[in-house]
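For reference, the structure discussed in these notes is given below.
Start at 1 and go down the list; that is how both ligands and their atoms are numbered.
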Amino acid sequence: MSQMLYEGKAKKIFLTDDPSTLLVSYKDDATAFNGKKKAVLPGKGRLNNLISAKLFGILNKKGINNHFVKRLSDNEQLVKAVEIIPLEVVVRNIAAGSLSKRLGLEEGKPLKQPIIEFYFKDDELGDPLINDDHIRMMQIADDTELNLIRQAAQEVNRVLTDLFDGIGVLLVDFKLEFGKLKTNGNIVLADEISPDTCRLWDKKTHEKLDKDVFRRDIGDLPQVYEKLLERLEDVQ
Ligand code: C5P
């Protein structure tokens, strides 16, 4: 077994023989509210691995550079080695979650234009909301890098909104992470894109097809993710 580099809440990262790649293994662990709520949900790792691999593959085809190389097994994928930029980049199309709470907006209210937010990725601080000035001051990214990240996030939003619309699903909001490639320092999309990191609602019924099912105890998460994977099967 190769050496584990890092274990996060939902994934383990292993070194490979090639220093330019890493192996990501998706776990069955579910966490919410910064780790305060926990459970093991058999099958969740496989579902997020399959869904994330599918979405990253499509984004690669659309010219949105990302770390995904190939899926290796039910729970594992090979990715390019990156140094993660400590930002959670959240894109929102419809009011929900912390935006609804912070601004008193009714959940489900469509936003006139997509909103991009930045959170400083730091568990101890509880991932605080920050702005461009904080990012510059803390030297998390310079202006050119931040522009690139913002543009990539908007492009991902256009591609994924269309893709989910095609299978009758609303892309309410989602979180992205970016990293610098170990090989040349170029910034690419990284981490995962799955129902753990997106809010997805059925277009007709507004049924939740994402981790809010676990956060709010309103259904069987693996069953819901399996249904989403089935809907994604025909998407190229
Ligand atoms: O909680 P909030 O409304 O700010 O979340 C916005 C989006 O970002 C949601 O889709 C949520 O699943 C995702 N998110 C995430 N990881 C976090 C925080 C939020 O994937 N640490």
Side-chain angles (χ1 to χ4, degrees), residues 6-11 24 26-27 29-39 41 44-45 47-49 51-52 55-56 59 66-67 84-111 113-131 134 140 149-150 152-154 156-157 159-161 163-165 169-179 189-203 206-219 221-222 224-225 228:
Y6 171 80
E7 177 163 9
K9 296 189 203 93
K11 298 184 286 293
V24 182
Y26 281 70
K27 306 196 293 184
D29 298 2
T31 63
F33 313 118
N34 200 11
K36 285 189 200 87
K37 180 171 172 154
K38 281 187 200 159
L41 304 174
K44 173 178 172 286
L47 289 160
N48 277 345
N49 183 45
I51 293 170
S52 204
L55 296 177
F56 274 133
L59 290 172
N66 65 69
H67 73 159
I84 288 286
I85 297 169
L87 277 182
E88 299 205 332
V89 181
V90 169
V91 183
R92 302 179 185 274
N93 298 307
I94 295 171
S98 70
L99 179 74
S100 289
K101 216 168 157 187
R102 192 178 326 116
L103 301 183
L105 298 176
E106 191 191 342
E107 188 170 87
K109 182 184 160 67
L111 304 171
Q113 59 180 69
I115 290 179
I116 298 188
E117 296 172 342
F118 300 107
Y119 295 82
F120 178 41
K121 204 170 138 63
D122 186 309
D123 280 345
E124 271 182 31
L125 296 175
D127 302 336
L129 180 67
I130 56 175
N131 68 21
H134 299 109
I140 296 170
I149 288 171
R150 210 188 283 276
Q154 281 162 349
V156 172
N157 190 34
V159 171
L160 292 187
T161 297
L163 180 155
F164 282 114
D165 184 63
V169 172
L170 287 171
L171 179 59
V172 174
D173 57 33
F174 57 97
K175 184 262 305 182
L176 300 175
E177 294 186 25
F178 292 83
L189 181 63
D191 193 53
E192 75 175 274
I193 307 179
S194 72
D196 267 16
T197 63
C198 302
R199 279 198 179 90
L200 300 163
W201 295 352
D202 182 87
K203 216 155 68 174
H206 281 201
E207 181 196 352
K208 294 184 199 310
L209 310 170
D210 56 64
K211 201 164 99 173
D212 275 346
V213 167
F214 170 71
R215 293 189 189 99
R216 301 183 185 190
D217 277 325
I218 50 173
L221 181 139
V224 169
Y225 285 19
L228 183 72

Next on the checklist: Parallel, tilted or perpendicular: which one describes the rings of Trp201 and His206, with boundaries at 30° and 60°?
Outcome noted: tilted

Checklist entry - Okay, side chain of Asn131, backbone of His134: is any donor-acceptor separation there less than 3.5 Å? => result yes

Checklist entry - Should Asp217 and Lys37 count as an ion pair when the cut-off is N to O under 4.0 Å? => result yes

Checklist entry - Going by an N to O cut-off under 4.0 Å, is there a salt bridge joining Asp165 and Lys203? => result yes

Item to check | Carboxylate-amine/guanidinium proximity below 4.0 Å for Arg199 and Asp210 | outcome: no

Item to check | Within the protein, residues bringing a heavy atom under 4.0 Å of ligand 1, chain by chain | outcome: Glu88, Val90, Arg92, Gly97, Ser98, Tyr119, Asp127, Asp173, Phe174, Lys175, Asp196, Thr197, Cys198, Arg199, Arg215

Checklist entry - Picking from Leu111, Ile116, Asn157, what satisfies side-chain contact (heavy atoms from CB on, under 4.5 Å) with Arg92? => result Leu111

